[in-house]
Number of protein chains: 2
Amino acid sequence: MESHPELRFDNGGQTPERLKRQISRLMGMTGAQMRRIANEAFEAVGARKDHFVVLAALAEFGPASQAQLSDRTRVYRSDLVAVLNELADGRWIERAPDPDDKRRNVITMTDSGARRLDEFDRILAGVNDRIMAPLSPDEREQLFALLGRINAHLAAG
Amino acid sequence: MESHPELRFDNGGQTPERLKRQISRLMGMTGAQMRRIANEAFEAVGARKDHFVVLAALAEFGPASQAQLSDRTRVYRSDLVAVLNELADGRWIERAPDPDDKRRNVITMTDSGARRLDEFDRILAGVNDRIMAPLSPDEREQLFALLGRINAHLAAG
DNA sequence: CACTAACGTTAGTTGCACTAATGAAACTAC
DNA sequence: GTAGTTTCATTAGTGCAACTAACGTTAGTG
């Protein structure tokens, strides 16, 4: 019934050799698999990825304006509005006008927001573990390091 | 003037630690950078990625129906139509009805299609090299191997 | 006080992966 | 040999994520 899209990189002799050499293709397909797993995990608890990133930013940097949150999470200001609406509906954050600057809102995480983040932490530990299951701890670090170097290089240049 | 979106994974103290631990986030951001570079390279010669994957499949497996091409390239049947229209417009392929099965078309690569593919090969060699610039040959292989194992694992189940 | 910039918000665009529906042709069963 | 099912190419459309534009409001700057 659930026919998952075929994201196997090397499709048993069917895949042209040239395609197997493209790192961007391998990254794209594998990244899509990862994203699907993470999204499903969030969906199972009525959340989505941006709930996590916003709560993480609030937990680690404290109350902030929406512009600050956008900078810290790279969720666009325009998209952040809906995310904060949802988080406020669940009482995980509070949104109040900033008395010092009437353009701003101050976003604060509630206690139940902190518990929600704990839940996400547990869920994501499982997700990461499932994704990286075939790799040893050393290999997982290698992967992070290699991708991190490429990321830094491409972001710089 | 061209202000690229900020896809630096670790944004200098601004990024919550929790986000830096998510492999799917690192993959997503780095994959987006790679995709942008590849897309720009194709765009510079009036092409796009799917032109390459279709020509690669034709070069390596010979003339084929659209359904076969879809299987080999994982370009959806529905999206393949436009790709083949574009390739036919440029005389890089020919699309003819299959006399043995009137439902099918037979897609054949022309000589100029083969030359177009050569051009893509050269372009992509440069793209891959630019993407993986900070990695040694050994490290590039490691990255392929690690991602390949994760991909196979996730595709399996 | 005029000007510019930053704030949150709404609306809209683009690209990509993916689904649904369709008419024509071909297999499959009885 | 005809009825029912499947495959084919094709058109249209959905869902989502990343991204842009425009706007009214408020705050700094000369």
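Proteins get letters first, then strands, A, B, ... in listed order; numbering begins at 1 in each. Computed from a predicted structure; not experimentally measured.
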Engineer: Going by distance alone, is a donor N or O of one side chain under 3.5 Å from an acceptor N or O of the other, for A:Arg95 and A:Asn85?
Structural biologist: yes
Engineer: Whole-Å distance between D:dA17 C1' and A:Phe42 CZ?
Structural biologist: 15 Å
Engineer: What is the distance, rounded to the nearest whole Å, between atom CE of A:Met29 and atom C1' of C:dC18?
Structural biologist: 14 Å
Engineer: Do other residues, nucleotides or ligands put more than 12 heavy atoms under 6.0 Å from the CZ atom of B:Arg130?
Structural biologist: no
Engineer: Is it true that atom CG of A:Asp111 has more than 12 heavy atoms of other residues, nucleotides or ligands lying nearer than 6.0 Å?
Structural biologist: no
Engineer: With a sphere of 6.0 Å drawn around CD of A:Glu86, does it hold more than 12 non-hydrogen atoms of other residues, nucleotides or ligands?
Structural biologist: yes
Engineer: In whole angstroms, how far is the C1' atom of C:dG8 from the CG atom of A:Asp71?
Structural biologist: 14 Å
Engineer: Specify the separation, in whole Å, of atom CG of A:Asp100 and atom C1' of C:dG8.
Structural biologist: 17 Å
Engineer: For DNA chain C, which residues in residues 52-62 of chain A have a heavy atom at a distance below 4.0 Å?
Structural biologist: none
Engineer: How do A:Lys49 and A:Lys102 order along DNA chain D: which one's closest nucleotide is nearer the 5' end?
Structural biologist: A:Lys49
Engineer: Give a yes or no on whether A:Glu119 atom CD has more than 12 heavy-atom contacts from other residues, nucleotides or ligands under 6.0 Å away.
Structural biologist: yes
Engineer: Any side-chain donor paired with an acceptor under 3.5 Å for A:Gln14 and B:Asp71?
Structural biologist: no
Engineer: I'd like to know whether CD of A:Glu60 has more than 12 heavy-atom contacts from other residues, nucleotides or ligands below 6.0 angstrom.
Structural biologist: yes
Engineer: Would you call the rings of B:Phe120 and B:Phe52 parallel, tilted or perpendicular, taking 30° and 60° as the class edges?
Structural biologist: perpendicular
Engineer: Report yes if at least one side-chain N or O of A:Asn39 is closer than 4.0 Å to OP1 or OP2 of D:dC16; otherwise report no.
Structural biologist: no
Engineer: Just how far, in rounded Å, is C1' of D:dG15 from CD of A:Glu43?
Structural biologist: 12 Å
Engineer: Could you run through nucleotides 3-13 of chain D and give me one letter per nucleotide, 5' to 3': B if any protein heavy atom sits under 4.0 Å from the base, S if only the sugar-phosphate is that close, - if neither?
Structural biologist: ----BSSBBB-
Engineer: Which residue lies toward the 5' end of DNA chain D, A:Arg35 or A:Pro99, if each is placed at its nearest nucleotide?
Structural biologist: A:Arg35
Engineer: Round to the nearest Å and state the distance from B:Arg36 atom CZ to C:dT14 atom C1'.
Structural biologist: 16 Å
Engineer: If you compare every side-chain N and O of A:Tyr76 against the phosphate oxygens of D:dC19 (OP1, OP2), does one of them come in below 4.0 Å?
Structural biologist: yes
Engineer: Grab the CZ-P distance between A:Arg25 and C:dC16 for me, whole Å please.
Structural biologist: 14 Å
Engineer: What I want to check is whether the side chains of B:Arg104 and B:Gln66 have a donor and an acceptor closer together than 3.5 Å.
Structural biologist: no
